[in-house]
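Just so it is clear, the model here is predicted, and its values are computed rather than measured. In the text below, chain A, chain B and the rest are named by the order of the sequence lines, each starting its count at 1.
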Amino acid sequence: METSKRTKIKELLNSTAFGSIITVKGWVRTFRNNQFIAINDGSTINNIQAVVDFENTDETTLKRITTGAAVSVTGELIESLGKGQKVEIKVKRLEILGDSDAEKFPLQPKKHSLEFLREIAHLRFRTNTFNAVFKVRHALAFAIHQFFNERGFVYMHTPIITASDAEGAGEMFRVTTLDFDNTPRTEEGKVDFKQDFFGKSTNLTVSGQLEGELAAMAFGDIYTFGPTFRAENSNTTRHLAEFWMIEPEMAFYDLKDNMQLAEDLLKYVIKHAMDTCADEIEFLKNRLLEEEKQKPQDERSELDLAAKLNFCLNNDFERLTYTEAIEILKNSTPNKKKKFKYLIDSWGADLQSEHERFLVEKHFKKPVILTDYPKEIKSFYMRQNDDGKTVRAMDILFPGIGEIVGGSQREERLELLENRMKELNIPAEELYWYLDTRRFGTAPHAGFGLGFERLVLFVTGMTNIRDVIAFPRTPKSAEF
RNA sequence: UCCUUCUUAGCUCAGCUGGUUAGAGCACAUGACUGUUAAUCAUGGGGUCCCUGGUUCGAGCCCAGGAGAGGGAGCCA
């Protein structure tokens, strides 16, 4: 009888135990020449070839070996008789575990467009590209926990549902159990949230930072890694309505410490992905090279994916202030020749993505950390510099991605923080718990937010953020 | 949300100045072949030309509106 024991393909492809009888279970990728089955079980991006003795196998079984079918194959592991692979399985027994109607199964042994695969996101894991992408995604997630754990950080789970809409960090998704057809009203005619589940208006979190700061004021070093929700109507290749974010918060860190931690973290996790996903990154590198062949010469990347990642590991990120960046941009060729859509003429303007791209991709040609932005374009909680104009903010900009990290040293001085909140009409009463950290044993501290999917984009070389999360949520789209 | 491009077979895409029966490659089916590498060869089936309305003797093609998708911008991670 069929046993449930099986060997993973990853193990077999490196095995030299020729002559041993093994069982493999997986899904058929292609069936060539009526005898060669390429089987993939997800353990590796590579397939194993199982060779069927078609003359002694009944025809109805052979007909059921179709792309997508789940099979169990038992046979002898042998040195491959053909070129193209080292080992193969000489099939002794083949069982179809699950049929796949070849006429209806959308995946074919051919190249599919990413747009088409996005429409069948429930099946796209079964392609080489998505196998590689999600292996890398896993490796990066694992490495993030490992990095922080090695450094004694505490992993905090901050709430998903929050009642504070005081932060003003973008549009939020409302959480409610109220009956929309019959909403309870107050005497003034407004929706009466007192009758809602939590007795007040609640939303999905847009950031765990404020709660993270509370924990940092006890544990010293903490981080969060969880889902984040933004109801912004963003339709771009680098925004999602539901995404994952890593937010470390460190007591007694200043901005320099903060930058160093972020750079160390990024390099650590990229290195871990390269070490543990060599096959996957090799595949993604070649995929990208193929794709770029369609593009004109001047739009192709100078470095291939592996070289780009290595370059990132071997060079220090460029650190400069917003003011220095403005000077560079002001004197840049595209600015003088009026090639920028938004010309840089004065200090204080927010940098457009064309400016960030110029700095990262043309001028420095490596990751850039910009610091000390004008306070007007940054959040209320950032520590104010003595110049009265700038705050201790930092953004890390990556080639092709833009902002991958946004962070700051936090304003730990109660009076300055309260004044800033007043200027920006942020209700201090609602955030009393946040301000308590400044009232009781306040201390310098800093932190940042790292967009996980943007990191996965960079490491996989994919170009659309919807292709590095399993089931993307974007405006007008929440399929699966 | 704004700008822009696109939507023709299961997939990728042709389709001339608006002209009578809308094509190719892959996939699929049947057969041949049998150490293939997205196997090959032959034959065959397969279409709401995104939707609605309009112009015209005649619309896949022109016009208007709508839907969906891609790219860019803004917001940001």
Which nucleotide, rG74(B), rA77(B), rU34(B), lies nearest any side-chain atom of Phe54(A)?
-> rU34(B)

Using whole Å, report how far NZ of Lys111(A) lies from C1' of rG10(B).
-> 18 Å

Look at Gln352(A) and rA73(B) and indicate whether a side-chain polar atom (N or O) is within less than 4.0 Å of OP1 or OP2.
-> no

Let me know the distance between CZ of Arg230(A) and C1' of rG74(B), rounded to the nearest Å.
-> 15 Å

Taking salt bridge (charged side-chain N to carboxylate O under 4.0 Å, His left out) as the test, write out the residues that go with Arg466(A), two or more places apart.
-> none

Base, sugar-phosphate alone, or nothing: which one does Glu115(A) contact when heavy atoms must sit under 4.0 Å apart?
-> sugar-phosphate

Arg357(A) side chain near rA73(B) phosphate (N/O to OP1/OP2, under 4.0 Å) = yes

Using a cut-off of strictly less than 4.0 Å, decide whether Asn34(A) has a side-chain nitrogen or oxygen near OP1 or OP2 of rG35(B).
-> no

Neighbour count above 12 (heavy atom, 6.0 Å) for Phe142(A) CZ | no

What is the distance, rounded to the nearest whole Å, between atom CZ of Phe36(A) and atom P of rA38(B)?
-> 13 Å

Looking across every strand, which nucleic acid part, if any, lies under 4.0 Å from Leu450(A) by heavy atom: base, sugar-phosphate, or nothing?
-> nothing

Can a side chain N or O of Arg466(A) be found less than 4.0 Å away from OP1 or OP2 on rG70(B)?
-> yes

With centres under 5.5 Å and planes under 30° as the test, does Phe243(A) stack with rA77(B)?
-> yes

Which protein N or O atoms sit under 3.5 Å from an N or O of nucleotides 4-8 of chain B?
none

Using a cut-off of 4.0 Å on non-hydrogen atoms, how would the nucleic acid contact of Phe452(A) be classed: base, sugar-phosphate, or nothing?
-> nothing

Record whether the side chain of His239(A) comes under 3.5 Å of the base of rC76(B) through a donor-acceptor pair of N or O atoms.
-> yes

Donor-acceptor under 3.5 Å (Tyr155(A) side chain, Phe225(A) main chain) = yes

Whole-Å distance separating the CG atom of Asn235(A) from the C1' atom of rC76(B) = 14 Å

Below 4.5 Å, heavy atoms only, C-beta onward: do Ile89(A) and Val51(A) meet side chain to side chain?
-> no

Once each nucleotide of nucleotides 26-32 of chain B is scored for protein heavy atoms under 4.0 Å, what B/S/- sequence comes out, 5' to 3'?
-> BSS-S--

For RNA chain B, what dot-bracket results from Watson-Crick or G-U pairs at under 3.5 Å, with [ ] for crossers and | for inter-strand partners?
-> (((((((..((((.....[...)))).(((((.......))))).....(((((..]....))))))))))))....

Check whether any side-chain N or O of Thr228(A) sits under 4.0 Å from OP1 or OP2 of rA77(B), and answer yes or no.
-> no

Is Glu88(A) touching bases, backbone alone, or none of the nucleic acid, heavy atoms closer than 4.0 Å?
-> base

Pairs satisfying side chain to side chain donor-acceptor pair (under 3.5 Å), at least one member in residues 118-138 of chain A, at least two apart | Arg29(A)-Asn128(A), Arg118(A)-Asp467(A), Arg124(A)-Asp467(A), Arg137(A)-Glu453(A)

When Tyr381(A) is tested against each of Gln209(A), Glu213(A), Arg420(A), Glu411(A) for side chain to side chain donor-acceptor pair (under 3.5 Å), which residue passes?
-> Gln209(A)

Short side-chain N/O contact from Thr30(A) to OP1 or OP2 of rA39(B), under 4.0 Å = yes

Send over the distance from Glu232(A) CD to rA77(B) P, rounded to a whole Å.
-> 9 Å

With sequence neighbours excluded, tell me which residues meet ring pair (Phe, Tyr, Trp, His ring centres under 6.0 Å) with Phe398(A).
-> Phe317(A), Phe458(A)

Would you kindly give the CD-to-C1' distance between Glu247(A) and rC76(B), to the nearest whole Å?
-> 13 Å

Tell me what Arg118(A) touches on the nucleic acid: a base, only sugar-phosphate, or nothing, going by heavy atoms under 4.0 Å.
-> sugar-phosphate

Can you find an N or O donor on one side and an acceptor on the other, under 3.5 Å apart, linking the side chain of Ser234(A) with the base of rC75(B)?
-> yes

Calculate the interatomic distance between Glu171(A) atom CD and rA77(B) atom P; express it in whole Å.
-> 15 Å

Base rU36(B) to side chain Gln49(A), donor-acceptor N/O within 3.5 Å cut-off | yes

Atom-pair distance (OH on Tyr373(A); C1' on rC76(B)), nearest Å | 12 Å

At their closest point, which heavy atom of Arg473(A) faces which heavy atom of Ala478(A), and how far apart are they?
-> NH1-C, 3.6 Å

Heavy atoms under 4.0 Å, any strand shown: does Glu119(A) hit a base, just sugar-phosphate, or nothing?
-> nothing

How long is the gap from CZ on Arg454(A) to CD1 on Ile404(A), to the nearest 0.5 Å?
-> 8.5 Å

Distance check: side-chain N/O of Asn233(A) vs OP1/OP2 of rU1(B), anything under 4.0 Å?
-> yes

Residue Asn33(A), side-chain atoms from C-beta onward, closest of rU36(B), rA69(B), rA77(B) = rU36(B)

Report yes if some heavy atom in the side chain of Asp372(A) is under 4.5 Å from a heavy atom in the side chain of Thr323(A); otherwise report no.
-> no

For Leu455(A), report the nucleic acid contact type (base, sugar-phosphate, nothing); a contact means any heavy atom under 4.0 Å.
-> nothing

